[in-house]
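Note that these values count all heavy atoms, side chains included, but never hydrogens, waters or copies made by symmetry.
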Amino acid sequence: STLFPYTTLFRSLFPGAWMSVGCREAFSPLSHPFTAIVRKCGGLDREYAEVEFIFKVNEGRTWTQRLSNAIAKLSPKQPMKFFMTGPYGGGLGSLDPMKVIIFVVGGVGVTPAASLAPYLVKRGKDVYVIWSCRSASLIQHVAVEYFSNACHSYFDRQPDHRHIHYSGKGSEGRVFPPFVKTGRPDV
């Protein structure tokens, strides 16, 4: 399964940053690194960032499993408190001379592309995303649903440039949008 924690931060964050995330309810004395999917919002007077993380829940005695169990015990209106440090990372370096940028990603490794693609498109870059994923719910969330009711998914600004492939089992009977192909991409 997959968790999609979301928050608003009133501080400067850059697309592609990663943050160290901890949560007392998940009984974690350590924080864990996750790429933040960043969407800058606001105006000149009050800029803020909408931030989402994608946590793949690994079964067993893992932090993500404990986090998933803690979330299941909460009432729907009870928020969970996360502790975050960062942002960390140096970005992708100088992309100014590049006209075309191609992300080839798999599974939850899509988070840097989900964070950086809209940012790069706004700067006039021709961005392609080739993503293969075995999780139908993750594809639904990232490629189809809307982020913070902003009326766009992560990759719909250049719809002809998104190559999304469902490589999981049981594609029969699943209804995906026409831009989601089944099987592995031929890269």
Any non-hydrogen side-chain atom of Leu67 less than 4.5 Å from a side-chain atom of Phe82? yes
Would you say Phe53 ends up clustered with Leu74 if hydrophobic residues are merged whenever their side chains have heavy atoms under 4.5 Å apart, either directly or through other cluster members? yes
Listed by chain and number, what are the side chain to side chain donor-acceptor pair (under 3.5 Å) partners of Ser68, not counting sequence neighbours? none
For the hydrophobic clusters of this structure (ILVMFWY residues joined by side-chain heavy atoms under 4.5 Å, transitively), does one cluster hold both Met80 and Phe55? yes
With sequence neighbours left out, write down each residue that passes side chain to side chain contact (heavy atoms under 4.5 Å, CB included) with Ile102, or none if nothing qualifies. Val100, Val104, Tyr128, Ile130
Starting at CE of Met98, measure out to CZ of Arg123 and round the result to the nearest 0.5 Å. 16.0 Å
Using 0.5 Å steps for rounding, measure from the CZ atom of Phe103 to the OG atom of Ser115. 9.0 Å
Distance-minimising heavy-atom pair for Val51 and Ala36: CG1-CB, 3.7 Å
Indicate every side-chain donor-acceptor pair of residues 19-27 with a distance under 3.5 Å to a residue at least two apart or in another chain.
unit_1	atom_1	unit_2	atom_2	d
Ser20	OG	Ser31	OG	2.4

Listed by chain and number, what are the side chain to side chain donor-acceptor pair (under 3.5 Å) partners of Trp63, not counting sequence neighbours? Ser28
Separation between OG1 (Thr182) and OH (Tyr166), nearest 0.5 Å, reads 9.5 Å
According to side chain to side chain contact (heavy atoms under 4.5 Å, CB included), who are the partners of Lys181, at least two apart in sequence or on a separate chain? His165
Once side chain to side chain contact (heavy atoms under 4.5 Å, CB included) is applied, do any residues pair with Arg184, and if so which ones, sequence neighbours excluded? Ser167
Interatomic spacing from CD1 in Ile139 to CZ in Arg134 - rounded to 0.5 Å: 11.5 Å
Ignoring hydrogens, what is the shortest heavy-atom contact between Gln65 and Val57? Give both atom names and the distance. OE1-CG1, 3.6 Å
Tell me if a side-chain donor or acceptor on Thr111 pairs with a main-chain N or O of Ile37 at a distance below 3.5 Å. no
